[in-house]
Amino acid sequence: MATLQAHSPDLFQTPTPPLFNFQECLWFLDRNYDDIMHRILPDAVIKPARIAGKPVLVKIYEGEGCLISEVLRGEVTDEAALVRYVRDLFDLDTDLAPFYELLRSDPELAFMADEYRGLRLIGIPDLFEALCWSIIGQQINLSFAYKLKRRLVETFGERIDWQDQTYYLFPEPEQVALVSPAALRAHQFSERKAEYLITIARAFSTGEVSKELLTALPTPEAMIRQLTSYKGIGEWTANYALMKSLKVATCIPYGDVGLYNALHKVKGLARRPERAELDAIFSKFCGWEAYLTFYLWRTLSKPDLPSTAP
DNA sequence: AACCAGGCGCATG
DNA sequence: CATGCGCATGGT
C-alpha cells in the first residue's frame, strides 16, 4: 500500500486478489441506470467519497495486480482509509473460489461461475447511504428510484466539480435530519418515505445508530433486529443494507422481487417463494447467501460484457 | 389502460 | 396468524 511514486502523492494502489475482474465490476456499476453516485468510463470509475471524513474525488482504474486510485479533487490524509474504502467498494478481501465450487455443484447455477467470473459484491461503504437507498427503492421501479436518489443528492449533497462535470457526495445525516417532509414531498418522495428518511437521518446524527455500533453486535440477527426497530426499515431493507454496507455474508433480502425474477429465470421457479422455500434454495450456500443473491441479480441485466478479447 | 415495480406499516378478520 | 390496502410515479 505504498504510494506509487514518491512525487505523486495523488496515486494510491490497492492490491487485487485472484478471481477479480474489474471490467465485470464496472459493468455492474454501469448497468442501465442513471446512478448519480459515480461516473463510469470505459476503463475506470470516478467516485466522490468521504475518506476519513474528508471529501475527495477519486478515479479508480486497473494497474498491474492492483487498483490505482487517483485523487482528482481533495486531499487524502489517511492512505489506509482510502485503501480500505477501495477494498470495501470492490469486496477485495473475499476468496471467491469456494463460492464458485458451490455454484458449479448446481447445474442451473454453474454458468455464473464462468460468465461472471471475478465479479465482486459492489458495496455501499456508507451505511447511512445504503439505508437511504434501500428505503428509496422500496416498491417502486428502479429507474424512478434512481431519479429520487438523484434529487436527494443533488439537492442536499456536497458538490465536487471537476472538468466540467459535477459530482456529489451523498448528504450527511445531519443535513437530511434538518429537511422537512414537505421538501422531500416536493421532490416526489411519498410522505411515508420522507418521514422514514428523516427519522433515520436523526438517529444517525445523534449517534444512536452507526456502522460501528452495528458492527459491534454479535450476530446478523441482532443487527437486523436493531435496524428493523426503525419505521420504514423492514426485513428486506435491513438485509439489503447489511449485505451492501457491512458485507454480512449470510443476508438474504427476503421478499425481493428481483431475486424472485432471477430464480424464475434460472431455476424456473413458478411463483414468489415463501421464506422457507427461499431458505431451502439457499441452504447449500451457507455463508454465501449475499453473494448468491448478488449474482442472481446480475442475471437480470441482459446484455453481456462487450468482449474485449479477440 | 391497467398493473406492478429491488416494501412497509397499519387495519382488519 | 393471514390477508388487504395505500403509497408516488413511471415503465411496459
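Here the structure is a predicted model, which is why all the values come from computation and not from measurement. In what follows, chains carry the letters A, B, and so on, assigned in the order in which the sequence lines appear, proteins first and then strands, with residues in each chain numbered from 1.
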Nucleotide C:dG10, atom P - distance to CD of A:Q138 in whole Å: 19 Å

Ionic contact status for A:E172 with A:R50, cut-off 4.0 Å: yes

A:F144 or A:I233, whichever maps to the more 5' nucleotide of DNA chain B: A:F144

Phosphate OP1/OP2 of B:dC10 contacted by A:K231 side-chain N/O (<4.0 Å): yes

A:R150 and A:D35 ion-paired at < 4.0 Å: no

Rounded P spacing from B:dC3 to C:dG4 in Å: 15 Å

Closest-nucleotide ordering on DNA chain B, the 5'-leading residue of A:G232 and A:G258: A:G258

Whole-Å distance separating the NZ atom of A:K193 from the P atom of C:dG6: 17 Å

Spacing between A:E195 atom CD and B:dG7 atom C1', to the nearest angstrom: 16 Å

Sugar-phosphate only, base, or nothing, as touched by A:L259 at under 4.0 Å among non-hydrogen atoms: nothing

Rounded distance in Å - CD1 (A:I200) to P (B:dC8): 12 Å

Whole angstrom value for the distance that separates C1' of B:dG9 from CD1 of A:I135: 13 Å

Side-chain ion pair, A:E108 and A:K265, N-O less than 4.0 Å: no

Heavy-atom donor-acceptor pair, A:N141 side-chain to C:dG11 base, under 3.5 Å: no

Separation of B:dC3 P from A:N261 CG (nearest whole Å): 18 Å

Touch class at under 4.0 angstrom, heavy-atom based, for A:T237 against every strand present: sugar-phosphate

Geometric class of the A:Y240/A:W236 ring pair [parallel <30°, tilted 30-60°, perpendicular >60°]: parallel

C:dA8 versus B:dC10 - spacing of their P atoms, nearest Å: 15 Å

Sugar-phosphate only, base, or nothing, as touched by A:Y196 at under 4.0 Å among non-hydrogen atoms: sugar-phosphate

Whole-Å distance separating the CG atom of A:L142 from the C1' atom of B:dG7: 13 Å

Sugar-phosphate only, base, or nothing, as touched by A:Y230 at under 4.0 Å among non-hydrogen atoms: sugar-phosphate

Proximal nucleotide (of B:dG7, C:dG11, B:dG9) relative to the A:R192 side chain: B:dG9

Minimum-distance nucleotide (side-chain atoms of A:R185 versus B:dC8, C:dG11, C:dA8): C:dA8

Geometric class of the A:F128/A:F170 ring pair [parallel <30°, tilted 30-60°, perpendicular >60°]: perpendicular

Residue A:E191, side-chain heavy atoms: nucleotide from C:dG11, C:dA8, B:dC8 that is nearest: C:dA8

Counterpart base for C:dA8, defined by Watson-Crick or G-U wobble contacts under 3.5 Å: none

A:S190 side-chain N/O to C:dT9 phosphate OP1/OP2 under 4.0 Å: no

Sugar-phosphate, base or nothing in reach of A:R272, heavy atoms under 4.0 Å: sugar-phosphate

Mutual orientation of the aromatic rings belonging to A:W288 and A:F99 [parallel < 30°, tilted 30-60°, perpendicular > 60°]: parallel

Interatomic distance where CD belongs to A:Q139 and P belongs to C:dC7 [whole Å]: 12 Å

